[in-house]
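See below for the structure under consideration.
Predicted model, so just to flag it, every value in this text is computed and none were measured.
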Amino acid sequence: MSTRRRARSGHLTVASVALLIFLLVDVNARPANFSVHKDKNPDSKETNEILPPDHLNGVKMEMDGHLNKDFHQEVFLGKEMEEFEEDSEPRRNRKKLIEIFTKVDINKDRSVSAKEMQRWIMEKTEEHFQEAVRENKLSFRAVDPDGDGYVTWDEYRVKFLASKGFNEKEVAEKIKNNDELKVDEETQEVLESLKDRWFQADNPPADQLLNEEEFLSFLHPEHSRGMLKYMVKEIIRDLDQDGDKELTLSEFISLPKGTVENQQAQDIDDDWVRERKKEFEEVIDANHNGIVTMEELEEYMDPMNEYNALNEAKQMIAVADENQNHSLELEEILKYSEYFTGSKLMDYARNVHEEF
């Protein structure tokens with residue numbers, strides 16, 4: 001599963017998220033409080049492999065509480081997302097989109113119903129799940145050096161610090177001898193957040209070891225009901241201003257701390273509020289009582305919820321259903337290609353029927 005945006009692990013706050021991104025990018029920066037040698041060129045690829053991803057494909061909300069801007073494309077394209085690049089040849093993209101249409105249209109009546117779209121969404125979401133499983137095998141191998149099928153927190157901690165540029169042998173030796181391992185305050189904060197998440201992923205009976213399946217839940221909480229609940233609790237904790245463990249509309253649409261410096265920033269903030277208000281009122285607040293509970297947010301976040309998939313299918317159809325027949329024809333999908341694929345097709349209607 002690709003990792004592309006904001007990261008959040010354990011008890012990471014919004015400020016900590018920014019910190020984690022900073023740590024991932026500025027791996028050469030030397031913290032002030034070192035007790036072990038830090039290498040100059042840590043392996044950024046390994047960092048990406050062993051850290052929880054900063055974005056979960058096919059999940060409607062990010063781990064920091066932001067809405068997933070690419071969700072529609074992710075559940076419509078599945079593993080074919082990368083084929084629709086902005087600079088791709090429009091004619092090639094048009095042919096690819098026609099191929100997808102024919103696959104979604106199961107009964108071959110040249111239109112896509114909500115039920116057909118729902119089935120397709122579930123299938124594409126499963127593709128993202130399987131991709132995560134495949135990538136997890138590589139990630140698990142990277143943190144299980146002795147190949148015994150289990151990873152201890154200490155083993156993971158060694159690999160994490162090595163990925164941040166610390167000398168792996170020195171770190172391992174200090175941990176083995178129970179020597180104090182002084183790292184800079186910021187790295188320690190990230191470690192503590194990851195440790196909390198680590199133990200949440202340790203299924204009962206807790207043994208402080210993660211097998212490959214548990215490590216998958218550590219990296220991808222959408223694969224475990226228990227970790228999905230944990231993720232929801234963390235999101236609510238960060239957004240809940242009065243501590244009642246529920247979210248009101250005002251709490252959900254509250255802007256991140258900061259000042260608006262110019263009109264462009266103001267417009268972005270206005271879009272933020274408008275989009276989140278719409279999602280809260282029309283989708284997340286299932287009983288429309290003005291309050292989002294943990295249970296409601298958990299159902300909303302669950303990528304394999306068939307009811308959510310049907311609602312998403314209806315929403316996707318409504319966006320492009322110009323003739324209002326509650327289904328999608330090929331011409332409509334091609335015309336609204338940017339919504340479905342993120343790629344705008346030029347002359348979308350030209351030779352449609354011939355190509356079809």
Mark yes or no for whether [X], through its side chain, and [Y], through its backbone, hold a donor-acceptor pair below 3.5 Å.
X    : Y    : value
W153 : L209 : no
N136 : A132 : no
E83  : E80  : no
T187 : V183 : no
E332 : E329 : yes
E251 : D240 : no
D70  : Q73  : no
D285 : G290 : yes
D270 : R274 : no
E173 : E170 : no

Can you tell me how far apart [atom1] ([X]) and [atom2] ([Y]) are? Round to the nearest 0.5 Å.
X    : Y    : atom1 : atom2 : result
E312 : H72  : CD    : NE2   : 5.0 Å
I121 : Q118 : CD1   : CD    : 7.5 Å
N323 : E331 : CG    : CD    : 9.5 Å
S139 : L51  : OG    : CG    : 10.0 Å
R110 : F101 : CZ    : CZ    : 8.5 Å
D144 : N211 : CG    : CG    : 10.5 Å

For the student: nearest non-hydrogen atoms of [X] and [Y], plus distance:
X    : Y    : result
P53  : H220 : CG-CE1, 3.5 Å
M122 : A309 : SD-CB, 3.5 Å
P303 : G58  : CB-O, 3.4 Å
I253 : K277 : CG2-N, 3.7 Å
E62  : L56  : OE1-N, 4.3 Å
Q324 : D321 : NE2-O, 2.7 Å

TODO: Kindly indicate, with the supporting measurements, whether the criterion side chain to side chain contact (heavy atoms under 4.5 Å, CB included) is fulfilled by V232 and Y300.
DONE: CA-CA 10 Å; V232 166; Y300 170 78; over 6 Å; no
Contact between [X] and [Y] at the side-chain level, heavy atoms closer than 4.5 Å - yes or no?
X    : Y    : result
I291 : L247 : no
L297 : M61  : yes
E168 : V158 : yes
I175 : R157 : yes
P221 : L228 : no
L239 : S254 : no
E281 : H288 : no
H55  : E74  : yes

Task: Lys NZ or Arg CZ of R276 over W272 ring: under 6.0 Å, within 45° - done: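 Ring-cation test returns yes.
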Open item on the list: Check whether F218 forms a cation-pi arrangement with R197 (NZ or CZ under 6.0 Å from the six-membered ring centre, at most 45° off the ring normal).
Closed with: yes
With the 4.5 Å side-chain cut-off for hydrophobic clustering, are [X] and [Y] part of the same group?
X    : Y    : value
I50  : Y150 : no
I284 : V273 : yes
M301 : L310 : no
I333 : V319 : yes
V151 : L216 : no

TODO: Apply side chain to side chain contact (heavy atoms under 4.5 Å, CB included) to the pair I100 and L77, showing each step before the final yes or no.
DONE: CA-CA 8 Å; I100 292 175; L77 297 176; 3.6 Å; yes
Taking only Lys NZ, Arg NE, NH1 and NH2, and the carboxylate oxygens of Asp or Glu, determine whether [X] and [Y] approach each other closer than 4.0 Å.
X    : Y    : answer
E99  : K96  : yes
K229 : E298 : yes
E299 : R225 : yes
K124 : E127 : yes
K108 : D105 : no

Taking everything shown except [X] itself, do over 12 heavy atoms lie less than 6.0 Å from its [atom1]?
X    : atom1 : result
E126 : CD    : yes
E306 : CD    : no
F71  : CZ    : yes

Open item on the list: Run the side-chain hydrogen bond (donor to acceptor under 3.5 Å, both in side chains) test on Q315 and N311 for me, step by step, so that the C-alpha distance in whole Å, both residues' side-chain angles and the decisive distance to 0.1 Å come before the verdict.
Closed with: CA-CA 6 Å; Q315 180 181 343; N311 282 339; over 6 Å; no
TODO: Dump the intermediate steps for side-chain hydrogen bond (donor to acceptor under 3.5 Å, both in side chains) on D302 and Y307, then the final yes or no.
DONE: CA-CA 10 Å; D302 183 3; Y307 179 75; over 6 Å; no
Open item on the list: As a quick check of understanding, evaluate side chain to side chain contact (heavy atoms under 4.5 Å, CB included) for D238 and D64, giving each step before the final call.
Closed with: CA-CA 8 Å; D238 284 349; D64 59 6; over 6 Å; no
- [ ] Evaluate the salt bridge (charged side-chain N to carboxylate O under 4.0 Å, His left out) criterion for residues E180 and K174: first the C-alpha distance (whole Å), next the side-chain angles of each, then the deciding distance (0.1 Å), finally the verdict.
- [x] CA-CA 7 Å; E180 183 180 4; K174 284 183 175 292; over 6 Å; no
Open item on the list: Under a plain distance cut-off of 3.5 Å, with no hydrogens placed, do S193 and D196 share a side-chain donor-acceptor pair?
Closed with: no
TODO: Ignoring hydrogens and angles, state whether a donor on the side chain of T152 or D154 is under 3.5 Å from an acceptor on the partner side chain.
DONE: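 No - no donor-acceptor pair under 3.5 Å links their side chains.
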TODO: In sequence, state the C-alpha distance, the side-chain angles, and the governing distance for K79 and E131, and then conclude on salt bridge (charged side-chain N to carboxylate O under 4.0 Å, His left out).
DONE: CA-CA 8 Å; K79 62 184 180 182; E131 183 181 359; over 6 Å; no
Open item on the list: Using the rule given for side-chain hydrogen bond (donor to acceptor under 3.5 Å, both in side chains), can you reason through E322 versus Y336, listing the C-alpha separation, both sets of side-chain angles and the distance that settles it, and then say yes or no?
Closed with: CA-CA 10 Å; E322 291 193 340; Y336 287 85; 2.9 Å; yes
Task: Option passing ring-ring contact (aromatic ring centres under 6.0 Å, His included) with W198 (candidates Y156, Y230, F160) - done: Y156
